[in-house]
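Just so we're clear, the structure is a prediction, and the values are computed from it rather than from any experiment.
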Amino acid sequence: MAPNFDFVEWWKKEQQQQFRGTPVVVKMENPNYTMLEIESPQHSSGSPPFAAAAEKDKGRKNAKQLTWVLLLKAHRAAGFFAWMALGLWTVVVAINKRLILGQGKIQGQEKGRILLKAITGFLIFAIFMLCVEVAAHMMGWHFVQRPHLPPAFGGVRNLPHSIYVSWIYLRATYIAPPLQFLINFCIYLFLLQSADRILLCLGCVWIKWKKIKPIPVNPLLKSGDDDVEQSNMGYPMVLVQIPMCNEREVYEQSIAAVCQLDWPRHRMLVQVLDDSDDVDIQFLIKAEVAKWNQKGINIIYRHRTDRTGYKAGNLKSAMSCDYVKDYEFVTIFDADFQPKSDFLKRTVPHFKDNPELALVQARWSFVNKDENLLTRLQNINLSFHFEVEQQVNGVFINFFGFNGTAGVWRITALEECGGWLERTTVEDMDVAVRAHLCGWKFIFLNDVRALCELPESYEAYRKQQHRWHSGPMQLFRLCLPDIIASKVSMWKKANLIFLFFLLRKLILPFYSFTLFCIILPVTMFVPEAQLPVWVVCYVPALMSLLNVLPAPGSFPFLIPYLLFENTMSVTKFNAMLSGLFQLSSAHEWVVTKKTGRASEANVLSSVQELKPPVKLSRGTSESGLDALKQRQEQMHLLPPVSTPRPLTTNKKLNRLYRKELSLAFLLLTAAARSLLSAKGVHFYFLLFQGISFLVVGLDLIGEQAS
């Protein structure tokens with residue numbers, strides 16, 4: 001239970017005790033003093049003569065002891081306010097330091113300023129109402145029941161009291177009912193989404209229990225001929241595409257991993273699709289392609305001078321080449337992905353003797369999941385996405401959203417559904433929905449994994465999440481008429497509209513932001529509207545527990561995960577609105593920044609077959625990049641350099657995020673108001689959630705190293 005400081009009642013009680021002449025004994029053995037009050041009978045007018053002197057002496061003792069009590073209480077109060085002032089001053093100094101000394105930048109050009117202004121206005125109102133409520137509480141203006149007007153004006157004491165009584169009446173009569181209706185509506189959406197998540201988890205348990213796993217109809221690829229060339233004819237022609245844009249840190253690892261796929265070389269072609277506008281990076285990628293071309297790999301380099309359509313435009317341009325018609329399947333890997341050598345042998349056989357199959361999607365694994373707190377929390381989210389959502393949807397309805405990479409497409413299916421379109425920032429989901437409407441089926445392989453990298457900074461993660469949540473709303477506006485007019489079954493239409501788009505892409509960010517970031521603090525200032533404790537604490541904790549189950553090693557981060565998901569709701573909600581209403585920010589595409597950590601473990605394999613051999617020493621180069629540079633210089637692919645390019649970048653500049661900071665102070669203000677209502681669970685939730693917003697707003701979430 002949160003503490004309840006009622007100094008007014010204590011003062012009244014002390015005054016009454018003093019007039020009755022009650023002695024007070026103060027024990028000073030330890031700072032936690034105690035008061036012993038001894039009731040004495042009222043003195044009558046017929047008291048003995050010596051009673052007056054004794055009463056006078058007691059009065060002097062009472063005054064002295066009361067002075068000690070007041071001094072001790074004043075000391076405690078001063079300590080409390082000093083602690084609060086120190087915490088506030090620390091935050092102000094941190095913000096001032098980053099603004100004035102150039103150690104940080106405010107995201108002043110962000111979209112969604114209307115939402116920021118609304119949050120700021122609400123924050124100002126909350127601070128004002130907190131001051132009013134504290135003043136009213138100190139004056140003893142408490143109302144157990146709603147006051148009635150105008151009869152209540154008969155008992156008003158002064159003008160401020162009458163204004164406060166009017167506010168209570170208006171709040172309870174006109175504000176609380178619609179707010180309670182909104183609360184009930186959001187609770188209904190919350191329970192609906194929670195039921196969907198529970199059903200997905202039950203489906204995952206069923207899959208594990210029954211050991212359901214996609215099995216190829218005919219896993220054999222070789223033709224059975226003794227001749228090697230003839231036996232390889234059983235392998236279909238596969239086109240492998242690596243789209244990239246200014247990927248200086250990761251281009252080597254992705255090209256090296258793809259070129260080492262275990263597949264007949266004359267049955268595979270690698271396309272490096274470069275949209276880089278940096279001439280130096282273009283030269284480096286060309287040199288890497290030339291190196292693998294000299295080793296006998298069928299690899300070509302394509303560069304676009306115009307980035308129209310971003311990734312979708314890049315893939316569309318590559319598929320328009322004349323030689324693509326000779327290939328049956330296309331595999332896509334983003335620039336930071338490193339598939340294992342047996343990737344194609346474990347995915348392509350599922351297409352054989354299965355003409356209705358359009359896509360085989362593999363799971364992602366992360367090389368830097370333990371790098372900092374942010375990557376750990378991302379690992380929880382994505383582990384649930386692949387282990388539960390993708391696997392359950394793939395097994396039971398043969399449809400899920402294409403993840404944009406680490407997947408194999410049947411080229412015929414791509415062409416039939418219209419190919420890559422540039423109309424949204426989620427071209428992968430777009431092509432998957434259109435293929436599903438054309439009747440094609442998908443398979444998800446949970447045991448086939450491709451190594452990749454998670455964003456390590458909040459700025460990169462925030463931009464990625466904005467694109468991932470604004471794009472689906474754009475797509476929903478565009479695809480809704482096609483879904484309704486399609487010839488698929490009503491069940492598939494309902495699944496696409498209500499489950500895939502509305503429930504998981506629109507309702508989830510809406511209620512997360514509205515319920516926990518807006519309605520909850522509002523109920524602290526409108527206590528007549530009640531938000532149950534089980535909505536604030538118990539059900540969210542259960543849902544977070546279900547999310548953590550696919551990543552058992554992340555159980556210690558259960559509470560930070562719950563708080564961080566609510567913190568990210570402001571970004572997801574803003575992105576959802578921008579995509580739904582076609583705001584300018586919905587069409588922004590920012591390449592997610594990588595650090596190249598995945599190359600540290602696997603870059604050596606790309607140089608071991610080069611001649612003459614080079615003995616690599618892990619003591620001199622932890623990542624092996626020094627030896628790789630030396631080998632490239634020997635092959636005259638790169639100009640010799642005296643100092644190798646450092647792996648570590650400069651220390652990042654922290655940013656300040658206004659919406660997150662405004663919500664942090666709003667929630668902390670609401671937490672202070674909850675002390676007056678003695679709402680313990682609400683107080684602690686608002687306190688920790690406000691601290692979570694403050695950490696994210698100051699861009700500290702990605703700085704805690706493992």
Engineer: Step by step, would you call Asn293 with Tyr301 a side chain to side chain contact (heavy atoms under 4.5 Å, CB included)?
Structural biologist: CA-CA 10 Å; Asn293 202 354; Tyr301 173 84; over 6 Å; no
Engineer: Any side-chain to backbone donor/acceptor pair from Ser320 onto Ser317? Under 3.5 Å, distance only.
Structural biologist: yes
Engineer: Not counting sequence neighbours, which residues clear side-chain contact (heavy atoms from CB on, under 4.5 Å) with Ile300? List them please.
Structural biologist: Leu269, Gln271, Tyr323
Engineer: Identify, with sequence neighbours excluded, every residue that meets salt bridge (Lys or Arg N to Asp or Glu O under 4.0 Å) alongside Glu389.
Structural biologist: none
Engineer: Of all heavy-atom pairs between Ile281 and Glu247, which one has the smallest distance, and what is that distance?
Structural biologist: CG2-N, 4.3 Å
Engineer: Search all heavy atoms of Val388 against all heavy atoms of Cys204 and return the closest pair with its distance.
Structural biologist: CG2-SG, 4.2 Å
Engineer: Backbone N or O of Leu357 within a donor-acceptor pair of the Lys441 side chain at under 3.5 Å?
Structural biologist: no
Engineer: Please find the pair of heavy atoms, one from Leu261 and one from Lys340, that lie closest to each other, and give the distance.
Structural biologist: CD2-O, 3.3 Å
Engineer: Is it the case that the side chain of Arg304 and the backbone of Tyr310 share a donor-acceptor pair, with hydrogens and angles ignored and the cut-off at 3.5 Å?
Structural biologist: yes
Engineer: Looking just at side-chain N and O atoms, do Asp428 and Asn403 make a donor-acceptor pair shorter than 3.5 Å?
Structural biologist: no
Engineer: Nearest 0.5 Å, please: how far is CD in Glu427 from NZ in Lys316?
Structural biologist: 12.5 Å
Engineer: Backbone N or O of Pro243 within a donor-acceptor pair of the Asp275 side chain at under 3.5 Å?
Structural biologist: no
Engineer: Nearest 0.5 Å, what's the CD-CG distance between Gln241 and Leu315?
Structural biologist: 5.5 Å
Engineer: Take atom NZ in Lys325; do more than 12 heavy atoms of anything else shown fall under 6.0 Å from it?
Structural biologist: yes
Engineer: In sequence, state the C-alpha distance, the side-chain angles, and the governing distance for Cys452 and Phe337, and then conclude on side chain to side chain contact (heavy atoms under 4.5 Å, CB included).
Structural biologist: CA-CA 5 Å; Cys452 64; Phe337 274 72; 3.5 Å; yes
Engineer: Any non-hydrogen side-chain atom of Asp334 less than 4.5 Å from a side-chain atom of Lys311?
Structural biologist: yes
Engineer: Pairing donors with acceptors under 3.5 angstrom, does anything connect the side chains of Asp278 and Ser276?
Structural biologist: no
Engineer: Under 3.5 Å, is there a donor-acceptor pair linking the side chains of Gln378 and Tyr461?
Structural biologist: no
Engineer: Pick out which of Val250, Leu454, Thr405 makes a side-chain contact (heavy atoms from CB on, under 4.5 Å) with Asp336.
Structural biologist: Val250
Engineer: Taking side chain as C-beta onward, heavy atoms only, is Val433 less than 4.5 Å from Phe500?
Structural biologist: yes
Engineer: With distance as the sole test, does Ser554 use its side chain to make a donor-acceptor pair with the main-chain N or O of Phe557 at under 3.5 Å?
Structural biologist: no
Engineer: Mind checking whether Phe555 and Leu545 have side chains closer than 4.5 Å, heavy atoms only?
Structural biologist: yes
Engineer: Do the rings of Trp420 and Phe402 sit parallel, tilted or perpendicular, given the 30° and 60° boundaries?
Structural biologist: tilted
Engineer: Going by heavy atoms in the side chains, are Leu475 and Arg423 under 4.5 Å from each other?
Structural biologist: yes
Engineer: Working note: Asp274 + Lys286, criterion side chain to side chain contact (heavy atoms under 4.5 Å, CB included); need CA distance, chi angles, decisive distance, verdict.
Structural biologist: CA-CA 9 Å; Asp274 185 23; Lys286 286 180 181 178; over 6 Å; no
Engineer: Only one of Leu374, Thr375, Val367, Leu373 clears side-chain contact (heavy atoms from CB on, under 4.5 Å) with Glu371; which?
Structural biologist: Thr375
Engineer: Nearest 0.5 Å, please: how far is CG in Asn379 from CZ in Arg376?
Structural biologist: 9.0 Å
Engineer: Please work out whether the ring planes of Phe442 and His436 are parallel, tilted or perpendicular, with thresholds of 30° and 60°.
Structural biologist: tilted
Engineer: Does atom CZ (Phe498) have a neighbourhood of more than 12 heavy atoms from anything else shown, all under 6.0 Å?
Structural biologist: no
Engineer: Grab the two heavy atoms, one from His350 and one from Pro214, that are nearest each other, plus how far apart they are.
Structural biologist: CE1-O, 3.4 Å
Engineer: Counting N and O atoms only, with roles assigned by atom type, does the side chain of Glu387 sit under 3.5 Å from a partner on the main chain of Ser383, one being a donor and the other an acceptor?
Structural biologist: no
Engineer: Please give me the minimum heavy-atom distance between Pro349 and Pro216, naming the atom from each residue.
Structural biologist: O-CB, 3.7 Å
Engineer: Can you say whether the rings of Phe351 and Phe329 are parallel (under 30°), tilted (30 to 60°) or perpendicular (over 60°)?
Structural biologist: tilted
Engineer: Has Arg477 got a side-chain atom pairing as donor or acceptor with Gly579's backbone, closer than 3.5 angstrom?
Structural biologist: no
Engineer: Side chains of His303 and Thr305: closer than 4.5 Å at any heavy-atom pair?
Structural biologist: yes
Engineer: To the nearest 0.5 angstrom, please state how far the CD1 atom of Ile299 sits from the SG atom of Cys259.
Structural biologist: 4.0 Å
Engineer: Are any of the side-chain heavy atoms of Val426 and Gln474 separated by less than 4.5 Å?
Structural biologist: no
Engineer: For the backbone of Gly439 and the side chain of Lys487, can you confirm whether one donor and one acceptor N or O come within less than 3.5 Å of each other?
Structural biologist: no
Engineer: Mind listing the closest non-hydrogen atom pair of Ser578 and Ser470 along with its distance?
Structural biologist: OG-CB, 3.6 Å
Engineer: Is there a side-chain contact between Phe384 and Arg197 (heavy atoms, below 4.5 Å)?
Structural biologist: yes
Engineer: What I want to find out is whether Arg410 reaches Glu416 closely enough, with some N-O distance under 4.0 Å, to be called a salt bridge.
Structural biologist: no
Engineer: Any side-chain heavy atom of Lys505 sitting closer than 4.5 Å to one from Met473?
Structural biologist: yes
Engineer: Please evaluate residues Trp263 and Phe343 with respect to the criterion ring pair (Phe, Tyr, Trp, His ring centres under 6.0 Å), reporting the C-alpha separation (whole Å), side-chain torsions for both, the decisive distance (0.1 Å), and the verdict.
Structural biologist: CA-CA 9 Å; Trp263 202 257; Phe343 181 88; over 10 Å; no
Engineer: Would you please test Lys291 and Glu252 for salt bridge (Lys or Arg N to Asp or Glu O under 4.0 Å) and show each step?
Structural biologist: CA-CA 11 Å; Lys291 180 189 74 174; Glu252 289 179 327; over 6 Å; no
Engineer: Report yes or no: does Ser512 contribute a side-chain atom to a donor-acceptor pair with the main-chain N or O of Pro509 at less than 3.5 Å?
Structural biologist: no
Engineer: Measure the spacing between CZ of Phe333 and CD1 of Ile242 and express it to the nearest 0.5 Å.
Structural biologist: 8.5 Å
Engineer: Among residues at least two apart in sequence or on other chains, which ones pass side-chain contact (heavy atoms from CB on, under 4.5 Å) with Glu565?
Structural biologist: Asn381, Tyr561, Lys572
Engineer: Where the side chain of Arg363 meets the backbone of Phe386, is there a donor-acceptor pair that is under 3.5 Å apart?
Structural biologist: no
Engineer: Would Arg307 and Asp277 satisfy side chain to side chain contact (heavy atoms under 4.5 Å, CB included), going step by step from the backbone distance to the final call?
Structural biologist: CA-CA 9 Å; Arg307 285 193 65 202; Asp277 54 8; 5.7 Å; no
Engineer: Among Glu459, Gln465, His466, find the one that has a side-chain hydrogen bond (donor to acceptor under 3.5 Å, both in side chains) with Lys463.
Structural biologist: Glu459
Engineer: Working to the nearest 0.5 angstrom, can you tell me the gap between Leu239 CG and Glu328 CD?
Structural biologist: 12.5 Å
